[in-house]
Amino acid sequence: MEESTSSNLLTETLNLQPSFAIRQILQGTTRGKEIVQSLEEKRSIISKQRKQLVRLLVSHLLETNGETPSTDTKKALAVALVYEFPCLLDGTGSGYGAWYTTGRNHKPATGFLEERLRNARKRMRILKRPRHQEQQKEPTVPSTPEYDVPPEKLLEMVEWMKVNRYPVSQVEDYMNQTALHRGKWIRSNGSKSLPEILTEFPRLLDNPGMISQDFQQLHPEAVRELFQNWATMSDQILTYAQREGKLPLVFDDMTPGLEEKSTDPP
DNA sequence: CCGGTTCCATCAACACAACC
DNA sequence: GGTTGTGTTGATGGAACCGG
């Protein structure tokens with residue numbers, strides 16, 4: 001019942017918090033920065049910001065832990081969040097139940113993070129099964145993405161995505177259809193720089209899950225392995241990026257407030 | 001041409017079934 | 001016992017439409 005006290009949360013947090021650098025995740029985007037600012041100055045956020053916050057965190061979760069993160073991972077994220085921003089503590093026994101609650105008494109796990117994760121999975125599954133979803137208005141490329149999409153249509157989609165962020169499902173569909181084209185384009189002429197890539201495909205960063213969707217599209221056989229070994233793979237990727245001289249830009253863009261909190265994993 | 005209203009698509013959140 | 005999948009519903013925001 002009232003199992004939890006603040007010292008409980010503290011213990012839990014000390015154990016789990018290093019897994020998620022909440023601030024760094026949020027500082028990676030403009031909206032994330034606004035949310036952090038609001039949390040610091042007003043000690044509150046509006047519901048729109050809360051939804052955006054959940055999107056950013058779940059997007060990070062998907063990138064780093066795959067589609068079905070463990071219960072502990074999800075709990076760690078929720079705990080890290082309310083530890084970092086105590087004003088987000090809720091009235092539930094644990095203090096973070098509104099963000100993540102494990103299932104109990106035949107009731108499924110719930111909370112904003114869990115629900116977002118579930119809805120994201122649902123959407124991704126729908127996208128992966130185009131055959132099932134054939135009653136589209138446009139008679140365009142339902143089955144294998146891209147192979148039968150004419151080049152001009154590809155360019156049309158790319159241009160559309162430069163100026164449109166919504167509807168999200170449309171963005172995800174177009175990103176899906178242009179994944180192969182994007183891969184070729186990025187690697188053409190000795191590979192593109194990060195700013196070049198983000199100018200051509202801004203939705204890669206601001207629409208959650210697009211990078212993993214691309215990887216899924218290009219290397220479906222390796223997705224599982226990548227997710228499982230992400231901790232070591234990410235190091236190798238960073239090392240490679242550094243060697244290629246691309247890393248400084250990445251850090252400049254994504255972690256402007258990289259100061260004190262050196263989070264070394266246990 | 002502009003402001004207000006209606007219509008429509010999307011998504012978050014909920015509820016329950018299916019599964020391990 | 002719990003988690004994941006899926007259908008449903010209400011809220012929200014943008015597009016289209018209409019009257020002044």
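By convention in this document, chain letters (A, B, ...) are assigned in the order of the sequence lines, proteins followed by strands, and residues within each chain are numbered from 1.
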> Is there a donor-acceptor pair under 3.5 Å between the side chain of A:Arg182 and the backbone N or O of A:Met175?
Replying inline: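 Yes; at least one donor-acceptor contact below 3.5 Å.
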
> Under 3.5 Å, side chain of A:Asn119 to main-chain N/O of A:Glu115, donor-acceptor pair present?
Replying inline: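 Yes.
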
Taking [atom1] from [X] and [atom2] from [N], how many angstroms apart are they, rounded to a whole number?
| X | N | atom1 | atom2 | value |
| --- | --- | --- | --- | --- |
| A:Lys107 | B:dA17 | NZ | P | 14 Å |
| A:Glu114 | B:dC14 | CD | C1' | 13 Å |
| A:Lys51 | B:dC14 | NZ | C1' | 13 Å |
| A:Asn105 | B:dC16 | CG | C1' | 16 Å |
| A:Gln52 | B:dC11 | CD | P | 13 Å |
| A:Leu117 | B:dA12 | CG | C1' | 14 Å |
| A:Arg121 | B:dC11 | CZ | P | 17 Å |
| A:Glu67 | C:dT3 | CD | C1' | 15 Å |

Using a cut-off of less than 4.0 Å, is there contact between a side-chain N or O of [X] and OP1 or OP2 of [N]?
| X | N | answer |
| --- | --- | --- |
| A:Arg123 | B:dA12 | yes |
| A:Lys74 | C:dT4 | yes |
| A:Thr71 | C:dT3 | yes |

> Closer to the 5' end of DNA chain B via nearest nucleotide, is it A:His106 or A:Arg116?
Replying inline: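 Between the two, 5'-proximity favours A:Arg116.
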
> Side chain of A:Arg104, base of C:dG1: donor and acceptor closer than 3.5 Å?
Replying inline: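 Not at all, since no donor on one side and acceptor on the other fall under 3.5 Å apart.
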
> Checking side-chain contact (heavy atoms from CB on, under 4.5 Å) for the pair A:Leu61/A:Phe20: CA distance, chi angles, key distance, verdict?
Replying inline: CA-CA 9 Å; A:Leu61 198 59; A:Phe20 292 102; 3.7 Å; yes

> Shared ILVMFWY cluster between A:Tyr100 and A:Leu53, side chains joined below 4.5 angstrom?
Replying inline: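 No; A:Leu53 is not reachable from A:Tyr100 via cluster members.
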
> Which part of the nucleic acid does A:Arg118 contact within heavy-atom distance under 4.0 Å: base, sugar-phosphate only, or nothing?
Replying inline: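 Base contact.
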
> Mind checking what makes side chain to side chain donor-acceptor pair (under 3.5 Å) contact with A:Arg55, not counting sequence neighbours?
Replying inline: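 Checked A:Arg55 against side chain to side chain donor-acceptor pair (under 3.5 Å); zero matches.
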
From C-beta outward on [X], which listed nucleotide comes closest to its side chain: [options]?
| X | options | result |
| --- | --- | --- |
| A:Glu115 | C:dG2, B:dA15, B:dC14 | B:dC14 |
| A:Lys122 | C:dT3, C:dT8, C:dG5 | C:dT8 |
| A:Arg55 | C:dG7, C:dT3, B:dC11 | B:dC11 |

> Taking for each residue the nucleotide of DNA chain C bearing the nearest heavy atom, is the 5' side occupied by A:Lys48 or by A:Thr68?
Replying inline: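 Closest to the 5' end, via its nearest nucleotide, is A:Thr68.
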
